[in-house]
Amino acid sequence: MRHPLPPEIESLWTLFTAPVVWALHFLACYVTAAIFCAKPGLLGNDFFALRTLIAGITLLSLAMIVVAALLAWRQWGFGTGDPPHDDPTRRDRLLFQGYATLLLSGLSFVAVIFTALPAVFLTECLR
Amino acid sequence: MAALTPVFSACSGVQSALDPAGEESGQVARLFWLMIAGGLPIWAFVVALSLYASRWKLEPLREDTAARVIFWGGVVLPVTVLAALLAYALWLMPSLRPFAGSDDATLRIEITGRQFWWHVVYKRPNGVRVVSANEIRLPVGERVEFALTSDDMIHSFWIPALGGKMDLIPGRQNRLSLRATKVGTYRGQCAEFCGTSHALMAFPAIVMEGAAFETWLNARSRPSSGVHAPGTGRALFERNRCGSCHRIAGTQWQSTAGPDLSHVGSRLTIGAGQLASGSEALASFVADAGAVKAGAHMPANSHLSAAELTEIATWLKGLQ
Ligand SMILES: [Cu+2]
């Protein structure tokens, strides 16, 4: 049977996937809103369009973070072992990293929602 | 309780965001009390918990209990509370900046920040335009639009009793909208450091009954009859080139390099909230503005005698 998840990569960098998505999402939201407000000609006047765009970016970012979380969950052995994973072995290093990545994904998930929240309440950009 | 009295009495008064006299400041005050009401129980709970752990329950929790405490108390609870507070504050934001469409705003006040005073222009849709300085009057119950900008530094316009603050930025026009709900005299203050006398850059904000405000504004749209008062004040004003910086309606002096003096005699304060108005205050400000406000951009007039200063001050006080 083919596994739905991509093969496991052993690298420290996967730890940062979710925070990087969070940072990019943050940038995308702020830069689009700033351009929308400063250059009406470029992105149009329709605030609803801006909100839709931010909603799209947000859903995409959340999806990416969920995938990162799933991969981390697998690396953590689907939660079979309990933390703290602090033996000086390769296995514990992998488990620890998987667990840390999973927690970071949770944090990034919440952070992305908080970043997008203003677009739910704000309804116009005064120029 | 007695020890707390000064703390609580500091919450009322002419410049308190916790003693609101406007719609916007009311919302700010509510947000503040809500944060306190939300924060206090959490603080008390955490302190109680740590006391419980350190004083009474002196052995560790079972591991799965500990994990549950961390999950609910350390993850779910803070995320929910923070999300709720964030959503509430964001939800307030549009109503804290309620802009009347530029057509239906009945009164628009344009304010330009200068080191260390305020240039003020009242505008009505019917073309009424009144220039003033260092004092702001509003009709109670009416939505007033402010257009804020600066000619030099970044300043910030804040009348805590009426609403939130808004920066005055050179080359940019910021908007603020306020609806005062209580007649009274309040105090505004520059809230962004702008130079030596930043802290002395204030102004009285007076909320008046609609009819009284109308009368006041109409009177201000005509030159004061005081410009023709007898005495040597006007000649001294001319000879000392005060008019190269100050505007007085109904005269040849139209410069806006310094505060408009057209009706300076009827202002509550002199020097942007520094001295209670009066001929003496005017005389001492004219003698040496820098002594009242360090770094004020008005030259000292040490060559004027006390009698001459009194003449000028009396004439200025007559500009009602
Ligand atoms: Cu200032």
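Source: prediction; values computed, not measured. We name chains A, B, ... by the order of the sequence lines, and we start the count at 1 in each one.
- Of the two parts of B:Ala87, the backbone and the side chain both hold a non-hydrogen atom closer than 4.5 Å to a non-hydrogen atom of chain A.
- The salt bridge (Lys or Arg N to Asp or Glu O under 4.0 Å) test applied to B:Asp260 returns B:Arg247, not counting sequence neighbours.
- Considering every non-hydrogen atom in both A:Phe114 and B:Val79, the closest pair reads CZ-O, 4.0 Å.
- Summarising the local packing, CE of B:Met208 is surrounded by more than 12 heavy atoms from other residues, nucleotides or ligands at distances under 6.0 Å.
- The two residues B:Leu90 and A:Leu122 have their closest heavy-atom pair at O-CD2, 4.4 Å.
- Within a 6.0 Å sphere centred on CZ of B:Phe45, heavy atoms belonging to other residues, nucleotides or ligands number 12 at most.
- Taking the salt bridge (Lys or Arg N to Asp or Glu O under 4.0 Å) definition, one finds that A:Arg51 meets it with nothing, sequence neighbours left out.
- Not counting sequence neighbours, the partners of A:Arg90 by the salt bridge (Lys or Arg N to Asp or Glu O under 4.0 Å) test are A:Glu10.
- When the heavy atoms of residues 94-104 of chain A are compared with those of chain B, none of the residues falls under 4.5 Å.
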